[in-house]
Peer 1: 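I have a structure here, written as structure tokens, and I will follow up with some questions on it.
Predicted model only: the values in this text are computed from it and were never measured. The basis for the numbers below is simple: all heavy atoms, side chains too, and nothing from hydrogens, waters or symmetry mates. Every chain is numbered from 1 and lettered A, B, ... according to where its sequence line falls, protein lines coming before strand lines.
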2 protein chains.
Amino acid sequence: MRVPKKERQRLLQETIERNPFIKDEELSKQFSVSIQTIRLDRMELKIPEVRERIKHVASEHLDEVKSLSMSEVIGDMIDLKLDDSAISVLDIEKEHVFSRNEIARGHVLFAQANSLAVALINDELALTTKAEIRFSRQVHLGERVVAKARVIKLRGDGRTDVTVESYVGEERVFEGDFTIYRRGEEEQA
Amino acid sequence: MRVPKKERQRLLQETIERNPFIKDEELSKQFSVSIQTIRLDRMELKIPEVRERIKHVASEHLDEVKSLSMSEVIGDMIDLKLDDSAISVLDIEKEHVFSRNEIARGHVLFAQANSLAVALINDELALTTKAEIRFSRQVHLGERVVAKARVIKLRGDGRTDVTVESYVGEERVFEGDFTIYRRGEEEQA
DNA sequence: AAAGAACTTAATACCTGGTACTAATAGCAG
DNA sequence: CTGCTATTAGTACCAGGTATTAAGTTCTTT
């Protein structure tokens with residue numbers, strides 16, 4: 001039942017990681033040591049008290065909520081010639097990146113490109129039906145992504161081909177070929 | 001500065017909803033009433049104390065998060081077999097649709113699929129490098145989208161092919177073939 | 001204007017889950 | 001036995017409350 005200190009601390013760390021809500025009392029029972037020992041262990045491992053841990057989990061959550069509402073993900077349109085070309089700029093911020101490595105999530109770049117492609121269409125209804133995309137280099141927190149969209153072909157059947165290339169400085173980070181449906185009300189954007 | 005009780009309680013509720021982390025003391029300053037009044041208000045409105053509120057926010061989070069990658073997912077993961085298959089559910093809400101026609105934006109479906117595909121990868125780093133997607137029917141406000149991801153091929157060179165199909169009821173609304181890069185730290189998701 | 005109800009503030013005891021610190025004890029190695 | 005690490009105990013204190021009792025303060029209504 002009783003394990004040596006090192007082992008206990010390893011397990012303690014794991015246990016708390018898996019369940020940040022656990023109190024010192026619980027832990028002391030689980031490891032059959034006194035509550036003070038648990039507290040010494042936490043100190044050495046620099047693990048904060050349960051209320052702080054809970055607060056941390058909660059505030060991470062709040063970040064997530066932000067990334068769900070994608071309304072602001074789209075970037076600023078700085079140029080638009082309908083049915084021809086458009087440019088938008090997006091500054092990569094915290095809510096756009098994986099917290100672990102500060103690399104922008106794929107759907108953020110996609111969202112910028114997709115909404116730019118859709119905005120380009122001079123019609124009441126415009127929905128993406130198909131896309132082929134490539135991510136050519138990762139984009140980091142703080143970088144500015146410039147997306148350039150251009151109409152390639154206006155088909156007779158209500159479909160329009162749009163290509164989007166996104167850059168950070170001189171480097172291309174994303175390209176996508178989109179097929180946009182307009183007007184007909186039976187496709188998906 | 002001082003507002004009548006009813007109004008204050010309305011504002012109180014809103015304030016706490018927007019920022020569940022706020023303490024009674026802060027609130028009492030903000031509304032220029034004593035701390036006891038705030039507490040009476042909370043009682044009447046059945047709003048729990050700050051620590052309980054924080055715990056609530058945190059546990060909502062934890063419900064969906066069993067592994068690290070889950071927190072990066074858009075939609076609720078309901079099944080996950082690493083390197084094999086995964087399922088997530090997303091209810092389409094106001095912030096996901098074009099206000100004009102209440103049809104979900106393409107990048108919302110893409111985001112669900114993309115984050116599901118990335119979560120599926122059993123590695124520290126997982127980034128989308130390429131995707132081919134089709135939107136087969138538009139998705140409307142209030143509909144529930146079920147995305148099913150499945151690993152098709154684990155290539156030796158660190159790339160994995162994942163296919164995702166999303167359904168509303170029986171109808172397929174989206175399909176995508178993703179190529180995910182893992183581990184190497186030189187691509188883009 | 002006086003009475004009463006509604007609202008607000010004050011004061012005090014107590015709770016949880018800790019921190020910070022001091023001190024005592026246990027167990028074992030040399 | 002000495003010395004050292006590890007553990008346990010105990011006390012004072014803290015934040016952010018709950019719960020309760022009591023005392024104002026307004027507003028209204030008669």
Peer 1: Picking from dT7(D), dG18(C), dA10(C), which would you name as closest to the side chain of Arg8(A)?
Peer 2: dT7(D)

Peer 1: It should be established whether Thr37(A) places a side-chain nitrogen or oxygen under 4.0 Å from OP1 or OP2 of nucleotide dT8(D).
Peer 2: yes

Peer 1: If you apply the rule salt bridge (Lys or Arg N to Asp or Glu O under 4.0 Å), what do you find for Asp177(B) with Arg134(B), and how did you get there?
Peer 2: CA-CA 9 Å; Asp177(B) 297 312; Arg134(B) 276 121 11 235; 3.6 Å; yes

Peer 1: Quick check for you: among dG16(D), dG18(C), dT8(C), whose closest atom lies nearest to any side-chain atom of Lys23(B)?
Peer 2: dG16(D)

Peer 1: In whole angstrom, give the distance that lies between atom NZ of Lys55(A) and atom P of dG17(D).
Peer 2: 10 Å

Peer 1: Please set out all donor-acceptor pairs under 3.5 angstrom arising from side-chain atoms of residues 40-50 of chain B, sequence neighbours excluded.
Peer 2:
| residue | atom | partner | partner atom | Å |
| --- | --- | --- | --- | --- |
| Asp41(B) | OD1 | Arg8(B) | NH2 | 3.0 |
| Asp41(B) | OD1 | Gln9(B) | NE2 | 2.7 |
| Asp41(B) | OD2 | Arg8(B) | NE | 2.6 |
| Asp41(B) | OD2 | Arg8(B) | NH2 | 3.0 |
| Arg42(B) | NE | Asp24(B) | OD1 | 3.0 |
| Arg42(B) | NH1 | Ile47(B) | O | 3.1 |
| Arg42(B) | NH2 | Asp24(B) | OD2 | 2.7 |
| Glu44(B) | OE1 | Lys5(B) | NZ | 3.4 |
| Glu44(B) | OE1 | Gln9(B) | NE2 | 3.0 |
| Glu44(B) | OE2 | Lys5(B) | NZ | 3.3 |
| Glu49(B) | OE1 | Arg51(B) | NE | 2.7 |
| Glu49(B) | OE1 | Arg51(B) | NH2 | 2.8 |

Peer 1: Expressed in angstrom and rounded to an integer, what is the separation of Leu40(B) atom CG from dT21(D) atom P?
Peer 2: 14 Å

Peer 1: Atom CZ of Phe31(A) to atom C1' of dT8(D): distance rounded to whole Å?
Peer 2: 18 Å

Peer 1: Among Thr15(A), Ile22(A), Ile16(A), exactly one meets side-chain contact (heavy atoms from CB on, under 4.5 Å) together with Asn19(A). Which residue is that?
Peer 2: Ile22(A)

Peer 1: Output the residues of residues 46-54 of chain B in contact with DNA chain C, where contact means a heavy atom of the residue under 4.0 Å from an atom of the strand; sort by number or write none.
Peer 2: none

Peer 1: Please report, rounded to the nearest Å, how far the P atom of dG17(C) is from the NZ atom of Lys29(A).
Peer 2: 11 Å

Peer 1: To the nearest angstrom, how far is Leu27(B) atom CG from dT8(C) atom P?
Peer 2: 15 Å

Peer 1: What's the closest nucleotide to the Lys5(A) side chain, out of dG17(D), dT8(C), dT7(D)?
Peer 2: dT7(D)

Peer 1: In whole angstrom, give the distance that lies between atom CD of Glu44(B) and atom P of dA19(D).
Peer 2: 14 Å

Peer 1: With a non-hydrogen cut-off below 4.0 angstrom, is Ile35(A) in contact with a base, only sugar-phosphate, or nothing?
Peer 2: nothing

Peer 1: Find the distance Gln36(A):CD to dT22(C):P and express it as a whole number of Å.
Peer 2: 16 Å

Peer 1: Is any side-chain heavy atom of Val146(B) closer than 4.5 Å to one of Gln112(B)?
Peer 2: no

Peer 1: Taking only the side-chain nitrogens and oxygens of Arg39(A), find out if one of them lies under 4.0 Å from OP1 or OP2 of dT8(D).
Peer 2: no

Peer 1: Is the gap between the ring centers of Phe178(A) and Phe110(A) under 6.0 Å?
Peer 2: yes

Peer 1: Would a single hydrophobic cluster contain both Phe174(B) and Ile152(B), if residues Ile, Leu, Val, Met, Phe, Trp and Tyr are joined by side-chain heavy-atom contacts under 4.5 Å?
Peer 2: no

Peer 1: Rounded to the nearest 0.5 Å, how far apart are CZ of Arg150(B) and OG of Ser85(B)?
Peer 2: 9.0 Å

Peer 1: Could you tell me the separation between the NZ atom of Lys6(A) and the P atom of dT7(D), rounded to a whole number of Å?
Peer 2: 13 Å

